[in-house]
Amino acid sequence: MATGLVRARVIWHGEVQGVNFRYHTREDSDRFRVSGFVQNLPDSTVLTVAEGEKTEVEHFIQAIEGTMGSRTEITGKDVVWEPATGEFRSFEIRR
């Protein structure tokens, strides 16, 4: 387990599929020291898993809201904080 790092599992609700949500989230990840992935889920939500220092991850989540809030309708998000596992080397789009 990576020491001092956290993992955020974020489920995004609203009009979040079919609007380049994953692409823009991947682009936003380049501005922060985070690793993980973004993935569409079968129930029309989007899952983002991000690991890094807590402040970096929090700012990354805020950036997603800022970027996507102007492009789509996010009606809510569920965030679960966990210890980081260190399993990711980069941030990627999962299909």
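Side chains are part of it too, since the values below use all heavy atoms of this structure and drop only hydrogens, waters and symmetry mates.
- A salt bridge is absent between R22 and E27; no separation between the charged side-chain nitrogens and carboxylate oxygens falls under 4.0 Å.
- Remark: the R26 side chain and the S29 side chain contain an N/O donor-acceptor pair separated by less than 3.5 Å.
- Minimum interatomic distance between I61 and A8 (heavy atoms only, all atoms of both residues): CD1-CB, 4.0 Å.
- Between the side chain of Q39 and the backbone N or O of T48, no donor-acceptor pair lies under 3.5 Å.
- At a cut-off of 3.5 Å, with distance as the only test, no side-chain donor of T55 or E53 sits close to an acceptor on the other residue.
- Considering only heavy atoms from C-beta on, N40 stays 4.5 Å or farther from F21 through its side chain.
- In this structure, the side chains of M68 and V16 stay at 4.5 Å or more apart for every pair of heavy atoms.
- For residues 77-86, the salt bridge (Lys or Arg N to Asp or Glu O under 4.0 Å) pairs, not counting sequence neighbours, are E65-K77.
- Formation of a donor-acceptor pair under 3.5 Å by the T67 side chain with backbone atoms of A63 is found in this model.
- Here the two rings, on F91 and F60, have centers that are under 6.0 Å apart.
- We find the CD1-CH2 distance between I74 and W12 to be 5.0 Å, quoted to the nearest 0.5 Å.
- The shortest side-chain heavy-atom distance between K54 and W81 falls under the 4.5 Å cut-off.
- Note on I64: it clusters hydrophobically with V6, by side-chain heavy-atom contacts below 4.5 Å among ILVMFWY residues.
- Put simply, V79 and V34 are part of the same group of oily side chains (I, L, V, M, F, W, Y) that touch within less than 4.5 Å, one to the next.
- Under the side-chain contact (heavy atoms from CB on, under 4.5 Å) criterion, R89 pairs with no residue, sequence neighbours left out.
- Distance check: S44 OG to E15 CD gives 11.0 Å after rounding to the nearest 0.5 Å.
- A continuous path of Ile, Leu, Val, Met, Phe, Trp and Tyr side chains, each step under 4.5 Å between heavy atoms, connects V38 with V19, placing both in one hydrophobic cluster.
- Between the E56 side chain and the E51 main chain, no donor and acceptor come within less than 3.5 Å of each other.
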